[in-house]
There are 2 protein chains.
Amino acid sequence: MVTVPARRKRATIHDVAVEAGVSRGTVSRVVNDEPYVSAQARTAIEAAIEKVGYVPNNAARNLVMQRSQAVGFVVHEPHSLFLDDPNIGGILLGANTVLSRADYQMVSLVIDSQRDTDRVARYLSGGFVDGVIIVSARHEDPMIRVVEKLALPAAFVGHPPDLRRLPFVGIDNRRSARLITERLMQTGRERIGMIAAALDRDSGADRLAGFTDALGSRFDPNLVARVPLYTYSDGAEGMRALLAREPDLDGVFAASDAVAAGALEALRDAGRSVPGDIGVVGFDDSSWALRTQPHLSTVHQPAFGLGAAAAECVLGQLRGEDQPADGILLETPIVWRDSA
Amino acid sequence: MVTVPARRKRATIHDVAVEAGVSRGTVSRVVNDEPYVSAQARTAIEAAIEKVGYVPNNAARNLVMQRSQAVGFVVHEPHSLFLDDPNIGGILLGANTVLSRADYQMVSLVIDSQRDTDRVARYLSGGFVDGVIIVSARHEDPMIRVVEKLALPAAFVGHPPDLRRLPFVGIDNRRSARLITERLMQTGRERIGMIAAALDRDSGADRLAGFTDALGSRFDPNLVARVPLYTYSDGAEGMRALLAREPDLDGVFAASDAVAAGALEALRDAGRSVPGDIGVVGFDDSSWALRTQPHLSTVHQPAFGLGAAAAECVLGQLRGEDQPADGILLETPIVWRDSA
DNA sequence: TTGTAAGCGTTATCAC
DNA sequence: GTGATAACGCTTACAA
């Protein structure tokens with residue numbers, strides 16, 4: 001067995017003050033580099049800090065300043081999807097990068113049940129966080145009410161229709177979906193279907209709307225398969241359904257890359273060649289896109305940028321700055337590869 | 001523009017004490033449910049807490065108790081791999097789950113450069129965390145020294161050879177690699193190669209050692225391709241090299257599922273059928289395993305469990321319990337699917 | 001069983 | 001420019 005060794009005590013502002021022969025107030029001033037400190041005192045204090053190895057105590061600082069210096073990152077997804085959805089990983093990383101650069105901690109909270117919702121609501125109201133980033137909120141998501149009631153600085157990634165005037169960052173799912181569908185049409189495809197997923201979320205519904213926009217009068221409701229989730233297996237499922245209904249399909253817009261990958265599998269099983277017999281496009285430009293054969297033509301979703309923008313947004317509110325009421329929309333370039 | 005609204009003040013222990021007509025000390029006792037509180041006082045206080053909506057202030061508590069109630073999660077990987085490696089996601093989730101159940105925050109720190117190393121070292125010594133979990137440390141990793149010098153409660157996931165007596169959790173890479181290679185041999189393969197990756201890490205080196213163990217006297221160094229990382233592209237690269245050197249190969253052990261997926265691509269390009277012409281096995285049982293065609297036979301790596309065990313380990317140290325000096329090894333069942 | 005009071009390490013408001 | 005000193009909200013001896 002290995003015994004846990006004792007830790008030695010940390011130096012405080014007091015130690016620095018004694019070492020430098022000044023008062024604690026002055027030390028505090030140089031630590032937070034405020035003006036009105038003589039150059040002489042400043043150098044003495046800096047030397048003292050170095051010598052005693054002083055590092056400010058966050059708890060004390062947070063206590064007196066009435067903040068926690070933490071931002072919540074709540075994900076409303078089943079645990080498993082949290083791993084499976086590469087988008088969430090990117091958003092998380094982007095948010096974490098910005099937050100930690102600003103000396104904020106990110107504490108991630110995943111909601112996977114009603115009990116979790118309550119737990120998270122309690123956590124948010126407990127003052128454990130100064131603000132919150134909320135990913136993949138649904139229509140009538142309880143988090144919306146919680147944030148409103150708490151008047152907590154927040155940024156949503158994606159915008160449920162009932163978000164009212166809460167700040168959000170996102171992409172224009174509808175426009176992006178329209179553009180890639182149009183691009184697919186330009187390759188000469190005649191019968192284009194869609195595997196629509198997650199229609200209970202703004203992203204899912206908007207992608208379907210964009211698809212409809214692109215097709216215009218040529219739109220045929222029989223050509224869209226609806227599946228619950230942005231997953232590989234639902235993609236395969238949806239593709240099989242579509243193929244059964246419309247054997248002469250020659251193009252498919254899948255609501256996400258994972259869905260597209262599943263569709264590719266179903267297509268392979270059905271003996272259809274891609275892009276020979278049928279062109280497939282996805283959405284997200286996630287790591288899926290390069291794991292499939294052929295590589296996916298898709299819409300690039302700036303996951304990292306979304307997380308970063310959301311973090312900037314709550315940081316801005318924390319600084320007391322106003323936020324644009326109509327949200328922040330990021331660019332989504334089309335990435336054309338081999339699947340269509 | 002939307003203006004950030006004012007927040008209302010939180011209730012303190014004082015408010016509860018006044019409401020319940022007792023002293024703050026007594027309130028504190030019921031909050032931390034200590035003994036020596038009359039049933040009468042307890043109920044009165046609980047009612048008061050409910051009424052004023054009291055939630056303890058962490059900063060104050062941490063200040064007086066001299067702890068941060070946070071555990072660091074440091075990942076020594078390029079940012080991109082952090083996303084790409086599904087293992088790390090699972091470990092993170094496992095650690096986060098047990099940590100948050102124990103009311104600890106997990107603060108994740110990714111090291112991607114020398115500057116990051118310094119930043120993280122400073123962070124760890126700043127008392128911002130009570131303990132630390134370190135993932136994918138390399139041989140002579142600077143974090144080892146940092147943790148030793150700080151005498152910080154820690155748990156490594158994986159064990160670099162120079163870890164000395166620091167606690168770690170892991171799997172028996174060598175034994176698992178030997179077992180799956182033997183399993184592959186039992187399918188009747190004659191010329192079995194390996195794509196070895198990340199040989200600068202214990203996991204990579206041990207998997208190669210296990211492969212060598214299994215082959216025994218039949219081991220031929222010409223049959224192992226060495227690549228730097230556990231990635232798809234390195235897997236494809238390694239497979240091409242192997243094929244060039246040994247066209248009559250009929251079995252391959254890839255050092256990870258991502259590597260195996262890349263190998264599968266190279267094999268497909270070379271017109272070899274799997275498992276017809278050649279059997280392929282991977283390692284990790286990550287989400288890759290079911291994204292390939294055919295699905296991978298592989299070694300299940302308990303990523304979530306590893307993270308959870310690491311968290312338990314540092315939590316144990318925080319409670320002052322001793323830890324097993326020879327580390328904690330988790331089980332790794334073989335999952336046999338279609339690629340061999 | 002309960003109340004009192006002394007810190008915990010900062011920041012911030014004053015005088016000086 | 002600088003130094004006292006009063007908070008911040010909590011835990012924890014110690015006294016009662």
Side-chain angles (χ1 to χ4, degrees), chain A residues 7-46 48-49 52-70 103 105 125-130 318, chain B residues 7-49 52-70 103 125-130 318:
Chain A
R7 316 259 306 279
R8 77 173 204 291
K9 240 178 110 300
R10 291 170 58 188
T12 72
I13 252 194
H14 178 79
D15 303 326
V16 177
V18 169
E19 179 69 32
V22 296
S23 78
R24 309 196 312 244
T26 309
V27 175
S28 177
R29 269 166 225 132
V30 347
V31 169
N32 302 299
D33 50 36
E34 284 163 21
Y36 304 118
V37 181
S38 65
Q40 185 192 354
R42 171 159 271 130
T43 40
I45 290 168
E46 276 162 355
I49 287 176
V52 305
Y54 169 72
V55 181
N57 179 319
N58 248 325
R61 188 179 257 174
N62 291 346
L63 173 60
V64 70
M65 302 193 70
Q66 304 273 59
R67 32 94 147 152
S68 66
Q69 206 69 355
D103 272 321
Q105 288 182 44
S125 49
F128 298 114
V129 296
D130 298 333
L318 256 15
Chain B
R7 316 259 305 281
R8 77 173 205 288
K9 237 179 109 300
R10 292 170 59 188
T12 71
I13 248 192
H14 178 80
D15 303 325
V16 178
V18 169
E19 179 69 32
V22 296
S23 79
R24 310 193 312 234
T26 309
V27 175
S28 176
R29 269 166 224 132
V30 347
V31 170
N32 303 299
D33 49 36
E34 283 163 21
Y36 304 118
V37 180
S38 66
Q40 183 192 355
R42 170 159 275 131
T43 40
I45 290 169
E46 276 161 355
I49 286 176
V52 304
Y54 170 72
V55 180
N57 179 319
N58 249 326
R61 191 177 253 176
N62 292 345
L63 174 59
V64 67
M65 302 191 70
Q66 304 273 57
R67 31 94 146 151
S68 65
Q69 207 68 355
D103 273 320
S125 49
F128 299 114
V129 296
D130 298 334
L318 255 17

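Hydrogens, waters and symmetry mates play no part in the numbers below; they use all other heavy atoms, side chains included. Proteins come first, then strands; the chains are lettered A, B, ... in the order of their sequence lines, and each starts at number 1.
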Colleague: The side chain of B:Met65 is closest to which nucleotide in this list: D:dC10, D:dT12, C:dG9?
Modeller: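 The answer is D:dT12.
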Colleague: Would you say the side chain of B:Ile45 lies within less than 4.5 Å of the side chain of B:Arg42, judging by non-hydrogen atoms?
Modeller: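 No, too far: nothing below the 4.5 Å cut-off.
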Colleague: Between B:Asn57 and A:Leu63, is any pair of side-chain heavy atoms under 4.5 Å apart?
Modeller: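 Side chain of B:Asn57 against side chain of A:Leu63, heavy atoms only: contact under 4.5 Å found.
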Colleague: Please give, in whole Å, the distance from D:dG9 P to A:Phe128 CZ?
Modeller: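 For the pair A:Phe128 CZ and D:dG9 P, the rounded distance is 14 Å.
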Colleague: Looking at C:dG3, D:dT2, D:dG9, which one has an atom nearest to any side-chain atom of B:Arg29?
Modeller: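 The listed nucleotide nearest to B:Arg29's side chain is C:dG3.
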Colleague: For B:Val22, which contact category applies under a 4.0 Å heavy-atom criterion: base, sugar-phosphate, or nothing?
Modeller: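 Sugar-phosphate contact only - B:Val22 comes under 4.0 Å of backbone atoms but never of a base.
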Colleague: Could you check whether A:Ala59 gets within reach of a base, just the sugar-phosphate, or nothing at all, counting any heavy atom under 4.0 Å?
Modeller: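 No contact.
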Colleague: For DNA chain C, whose closest nucleotide is more 5', that of B:Arg24 or that of B:Gly21?
Modeller: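 Result: B:Gly21.
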Colleague: Between atom NE2 in B:His14 and atom P in D:dC8, what is the gap in whole Å?
Modeller: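 B:His14 atom NE2 is separated from D:dC8 atom P by 10 Å.
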Colleague: Once you round it to whole Å, what is the distance between C1' of D:dC8 and CG of B:Asn58?
Modeller: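 It is 14 Å, rounded to the nearest whole Å.
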Colleague: Please state how far atom CG in B:Asn57 lies from atom C1' in D:dC10, giving the value in whole angstrom units.
Modeller: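 After rounding, the reported distance stands at 8 Å.
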Colleague: If you find the nucleotide of DNA chain C closest to A:Gly25 and the one closest to B:Ser23, which residue's nucleotide is nearer the 5' end?
Modeller: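 Looking at DNA chain C, the more 5' nearest nucleotide goes with B:Ser23.
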Colleague: Whole-Å distance between D:dC8 P and A:Leu63 CG?
Modeller: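 The distance from CG of A:Leu63 to P of D:dC8 comes to 9 Å, rounded to the nearest Å.
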Colleague: Looking at B:Tyr54, does any N or O in its side chain come under 4.0 Å of the phosphate oxygens OP1/OP2 on D:dC10?
Modeller: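 Checking D:dC10 against B:Tyr54, a side-chain N or O does come within under 4.0 Å of OP1 or OP2.
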Colleague: What nucleotide, of C:dT1, D:dC10, C:dT10, holds the atom closest to the side chain of B:Ser38?
Modeller: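 Among C:dT1, D:dC10, C:dT10, the one nearest the side chain of B:Ser38 is C:dT1.
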Colleague: Need one value for B:Val37: base, sugar-phosphate or nothing, where a base atom within 4.0 Å counts as base even if backbone is also close, heavy atoms only.
Modeller: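 Sugar-phosphate only.
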Colleague: Using a 4.0 Å heavy-atom cut-off, does B:Asn32 contact any base of the nucleic acid, only the sugar-phosphate backbone, or nothing at all?
Modeller: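 The answer is sugar-phosphate, as B:Asn32 gets under 4.0 Å only of primed atoms, P, OP1 or OP2.
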Colleague: Take atom CD of A:Gln69 and atom P of C:dT10, then tell me their distance rounded to the nearest Å.
Modeller: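 The distance from CD of A:Gln69 to P of C:dT10 comes to 15 Å, rounded to the nearest Å.
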Colleague: Among side-chain atoms of A:Asn62 and A:Ser68, is any donor-acceptor pair under 3.5 angstrom?
Modeller: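 Note: A:Asn62 and A:Ser68 side chains miss the donor-acceptor criterion.
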Colleague: Would you mind telling me which of D:dT12, D:dA7, D:dT2 lies closest to the side-chain atoms of B:Ser28?
Modeller: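 In terms of side-chain proximity for B:Ser28, the closest of D:dT12, D:dA7, D:dT2 is D:dT12.
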Colleague: In terms of heavy-atom contacts, does CD of A:Glu34 have more than 12 from other residues, nucleotides or ligands at under 6.0 Å?
Modeller: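 Counting neighbours around CD of A:Glu34, more than 12 heavy atoms of other residues, nucleotides or ligands fall under 6.0 Å, so yes.
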Colleague: If you measure from CD1 on B:Ile49 to CD1 on B:Ile13, what distance do you get to the nearest 0.5 Å?
Modeller: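 Going from the CD1 atom of B:Ile49 to the CD1 atom of B:Ile13 covers 8.0 Å.
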Colleague: In this structure, how many angstroms lie between the P atom of D:dC8 and the CZ atom of B:Arg61, rounded?
Modeller: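 That distance rounds to 19 Å.
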Colleague: OP1 or OP2 of D:dG9 versus the side-chain N and O atoms of A:Gln66: is any pair under 4.0 Å?
Modeller: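 Yes.
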Colleague: Atom CE in A:Met65, atom CG in A:Asn58: separation rounded to 0.5 Å?
Modeller: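 CG of A:Asn58 is found 11.0 Å from CE of A:Met65.
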Colleague: Of the candidate nucleotides C:dT4, D:dA7, D:dG1, which contains the atom at the shortest distance from the side chain of A:Tyr36?
Modeller: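 Between C:dT4, D:dA7, D:dG1, the one nearest the side chain of A:Tyr36 would be D:dG1.
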Colleague: C:dA12 P sits how many Å from A:Ile13 CD1, rounded?
Modeller: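 Rounded to whole Å, this separation is 11 Å.
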